[in-house]
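Note on naming: letters A, B, ... go to the chains in the order of the sequence lines (proteins, then strands), and numbering restarts at 1 for each one. Since the model is a prediction, treat every value here as computed from it, not as a measurement. Values below: every heavy atom of this structure, side chains too, minus hydrogens, waters and symmetry copies.
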Number of protein chains: 2
Amino acid sequence: MDILAEKKKAIFESTLELIKENGFHGTPMSMVAKKACVACGTIYHYFDSKDTLIAELYAYVKKQMADAMFEGDDEQKEFKDRFYHLILSHCRFYIKHPNTLYFIEQYINSPYNNREPVKDNEQFQHRMWDFLKQGIDTGVLKPMNIHLLGILIHSHVVTTAKLYFSQRVKINEEDFPNIVQVIWDGVKNHSD
Amino acid sequence: MDILAEKKKAIFESTLELIKENGFHGTPMSMVAKKACVACGTIYHYFDSKDTLIAELYAYVKKQMADAMFEGDDEQKEFKDRFYHLILSHCRFYIKHPNTLYFIEQYINSPYNNREPVKDNEQFQHRMWDFLKQGIDTGVLKPMNIHLLGILIHSHVVTTAKLYFSQRVKINEEDFPNIVQVIWDGVKNHSD
DNA sequence: AATTACCGAATGAACATTCAATCGGGGCGC
DNA sequence: GCGCCCCGATTGAATGTTCATTCGGTAATT
């Protein structure tokens, strides 16, 4: 179970990195095999097909993200502080895991996305929705569709992380709070 | 020159639609040829390779977008009105051209993006930057890096357009102004 | 006539997937 | 403890398919 898991993990990590570099097309199974130091056939011992591998990889990184996400969230604190903390953690996760960032973005914008809906562990989504709902109910956030709100915020985070790695616009971690302020001012209820 | 342009255009449009449906990998040249009602060889009369076709297609749709973008912008109006008008036009362009929306998103998040930097007609970018700069200089917008501002706004627009076509969150054109308000509140300078 | 547009079968390379063959470790009889 | 067997894990060369691209030729346009 240990060695088994190790090999599967090696395949995941290799695929992740190669896809970031070369995209789905640009990464033949043979390349994944070489990078993961296994034989081609071994991959097929663990996964039915390349599509399956990619779909499972998506679930794998999604779970990692969910696990990392709410760490350090303190329900006792004020809403705004929690908001900043959550968004910044999320940004930092992507900064720390660029392979994941680019893989997810590619995946979401590819036809893989709608092929077989991976049964998402939607832990992350639900905790986020609860948090946002609380913000709306207490009048701190604009009254809006929660899903919409969540997606707008997430897209803001992703854009920020991508920018961090881009050549054209140079930002660093010290700029993050200012960028988070943009989305905060956007979603907060200005009537108070 | 006329018929020539027609055939080239047919190839562009077919590629655009097929890539939206099936992605880069999922669209063989033979399929493009069939859909465009030309022979395989004809495509190679107009384009050096599949990569070239895709790169030129990107420039082609980018130009269409730029052309459609600033239509109806009135420099006499108040900044906020112009902002809403521009953002809404941009949203509506994507709504009207979903193929373009999904193609661009796939392209940007693929390794094609960094392969050969298409010499962008950056007309759109520059007009946008000028507009944003004016907003900052007059104190209406938060003082921020203009490129950063532009990208954050654009990502908001793209997210909105994608949401429009998504199953999960149902929004329609009447919701747009509220969504634009989020980004407006986000970027406006609240100190006045 | 000459140049250009167009055709589509043929080519060959790249790649996902298969499978027959080997490895290795743990259970079992002695 | 020792040898043997079994079975899942692993291997990587071989297979068959799917394309991108080519090219010899035909039609249209000048």
For B:Gln134, side-chain hydrogen bond (donor to acceptor under 3.5 Å, both in side chains) partners two or more places apart: none
Rounded to the nearest Å, what distance is computed from the [atom1] atom of residue [X] to the [atom2] atom of nucleotide [N]?
{"X": "A:Asp48", "N": "C:dT17", "atom1": "CG", "atom2": "P", "answer": "10 Å"}
{"X": "B:Phe47", "N": "D:dA20", "atom1": "CZ", "atom2": "C1'", "answer": "15 Å"}
{"X": "A:Met29", "N": "D:dT15", "atom1": "CE", "atom2": "P", "answer": "20 Å"}
{"X": "B:Phe24", "N": "C:dC15", "atom1": "CZ", "atom2": "C1'", "answer": "20 Å"}
{"X": "A:Tyr46", "N": "C:dA16", "atom1": "OH", "atom2": "P", "answer": "20 Å"}

Could you work out which one of [options] sits closest to the side chain of [X]?
{"X": "A:Tyr44", "options": "C:dA5, C:dT18, D:dC19", "answer": "C:dT18"}
{"X": "A:His45", "options": "D:dA20, D:dT10, C:dC7", "answer": "D:dT10"}
{"X": "A:Cys40", "options": "C:dC7, D:dG12, D:dA20", "answer": "D:dG12"}
{"X": "A:Lys50", "options": "C:dA16, D:dG12, C:dA9", "answer": "C:dA16"}
{"X": "A:Ser49", "options": "D:dT10, C:dT17, C:dC6", "answer": "C:dT17"}

Qualifying residue, where the test is side chain to side chain contact (heavy atoms under 4.5 Å, CB included) with A:Ile19 and the options are A:Val32, A:Thr27, A:Asn99: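 By the side chain to side chain contact (heavy atoms under 4.5 Å, CB included) criterion, A:Ile19 pairs with just one of A:Val32, A:Thr27, A:Asn99: A:Thr27.
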B:Tyr60 versus B:Glu13, side-chain donor and acceptor atoms under 3.5 Å: yes
N or O in side chain of A:Thr42 less than 4.0 angstrom from D:dT11 OP1/OP2: yes
Phosphate OP1/OP2 of C:dA5 contacted by B:Lys7 side-chain N/O (<4.0 Å): no
A:Gly41 vs A:Thr27, nearer the 5' end of DNA chain C by closest nucleotide: A:Thr27
Geometric class of the A:His25/B:Phe24 ring pair [parallel <30°, tilted 30-60°, perpendicular >60°]: tilted
